[in-house]
Asker: 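Dumping the structure here so I can ask a few things about it.
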Amino acid sequence: MLSQIKEIAAKLAPRLIEIRRHLHSHPELSGQEYQTAAYIAGVLSSCGLQVQELVGKTGVVAELLGAQQDSRLLAIRTDMDALPIHERTGLAFASHYPGIMHACGHDVHTTVGLGTAMLLSQVDEPLPGDMRFLFQPAEETAQGASWMVRDGVMDRVDSIFSLHVFPTIPGGSVGIRYGALTAAADDLELTIVGESGHGARPHEAIDAIWIASQVITTLQQAISRNQNPLRPVVLTIGKIEGGRAPNVIADRVKMLGTVRSLHPETSAALPAWIEQIVAGVCQTHGAKYALNYRRGVPSVQNDLALTQIVESAAQEAWGSDRVQILLEPSLGAEDFSIYLDHAPGTMFRLGVGHADRPNHPLHHPQFEIMKRRS
Ligand code: NI
């Protein structure tokens, strides 16, 4: 089957480049992918696939059935939203919409999903199982996967596969990761409540700014002493506000942060551990607090057996010199993990970097994928 797949892929390539450029020049923000979804549905219907629209708000689902009844069902998930970034690539097919850009390569992912569906609908040999193609909205806001799952896209699914482009891997290569690929990412909102007073008479007040600084310092130090150093935890307070005047002791400080971890047991224990430290520091200094710990997405844990299948397939198709085994996970987050609560799966990194010059990172206004070698 591989030689026929390569033959069809070569024939489809010009059309897929056209599709990707169309998607790139018409980016839409998370949850607003109406034109993108309609375009995807049009391409899929023209290949004779059964298409369902408005799944998970603006998502699209298509199925390609194999020869046998009641066979296994394999899902391929791609995401299709863009970012609120003003494109500065200067490409001929750059974004038509000011302030919106496909700067995370979801245009490429969508094209890969469409290309896979187009290709498999053309192979002569009947497929040994059923395929479901998921085109997910709102990955950037970590909402889309939950919307899709709520609408039943994981019903009957035995395994699920996905990919993300990666500029530090050269174009034409893939990165394979066994186990944890991305981190669990949660949000933290913490308010420290003290008692206001004169800046010259600290003993008559409860200084929320000083206590907030103690909370931050204690949390950062406690990570190094209480958390297993082989199971990383990153806690970043990215926003802090409080106080009104130089000579008035602040009665209230609010801070917002993100909490990242890789190991599911660590992730599960973090909210209670953080609260224990916050409560301890506040109690010591007579302050009150309000802590709102919101679960974001869990860590993507790649299934070992399915990852092995991707690795062997990539080696067979492209040669082992173009398959990298990734030794380190990322502390970035990816809502593909939501699907993995329902079936095992794996996500790989698709190299899109230029080998001969520096590459802009994902989410950069000049992010570009490698130009095709002619
Ligand atoms: Ni992305």
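Whatever order the structure lists them in is the order used to number ligands and atoms, beginning at 1. Throughout, residue positions are numbered sequentially from 1 according to the sequence presented.
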Asker: Between the Ni ion (ligand 1) and H109, is there an N, O or S atom separated by less than 2.8 Å?
Answerer: no
Asker: Which N/O/S atom belongs to H106 and is the closest one to the Ni ion (ligand 1)?
Answerer: NE2
Asker: Scan side-chain atoms only and decide if Q32 and D81 contain a donor-acceptor pair under the 3.5 Å cut-off.
Answerer: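 Judged by distance alone, the side chains do not pair up.
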Asker: State, without any angle test, whether S261 and S267 hold a side-chain donor-acceptor pair at a distance under 3.5 Å.
Answerer: yes
Asker: Please tell me whether H24 and F93 form a close aromatic pair, meaning their ring centres lie under 6.0 Å apart.
Answerer: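 That pair passes the under 6.0 Å test.
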Asker: Just to the nearest 10 degrees, tell me the angle at the Ni ion (ligand 1) spanned by C104 SG and H164 NE2.
Answerer: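 SG of C104 and NE2 of H164 make an angle of 100° at the Ni ion (ligand 1), to the nearest 10°.
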Asker: State whether the side chain of T217 and the backbone N or O of Q214 hold a donor-acceptor pair below 3.5 Å, judged by distance alone.
Answerer: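 Side chain of T217 to backbone of Q214, a donor-acceptor pair under 3.5 Å: no, none is there.
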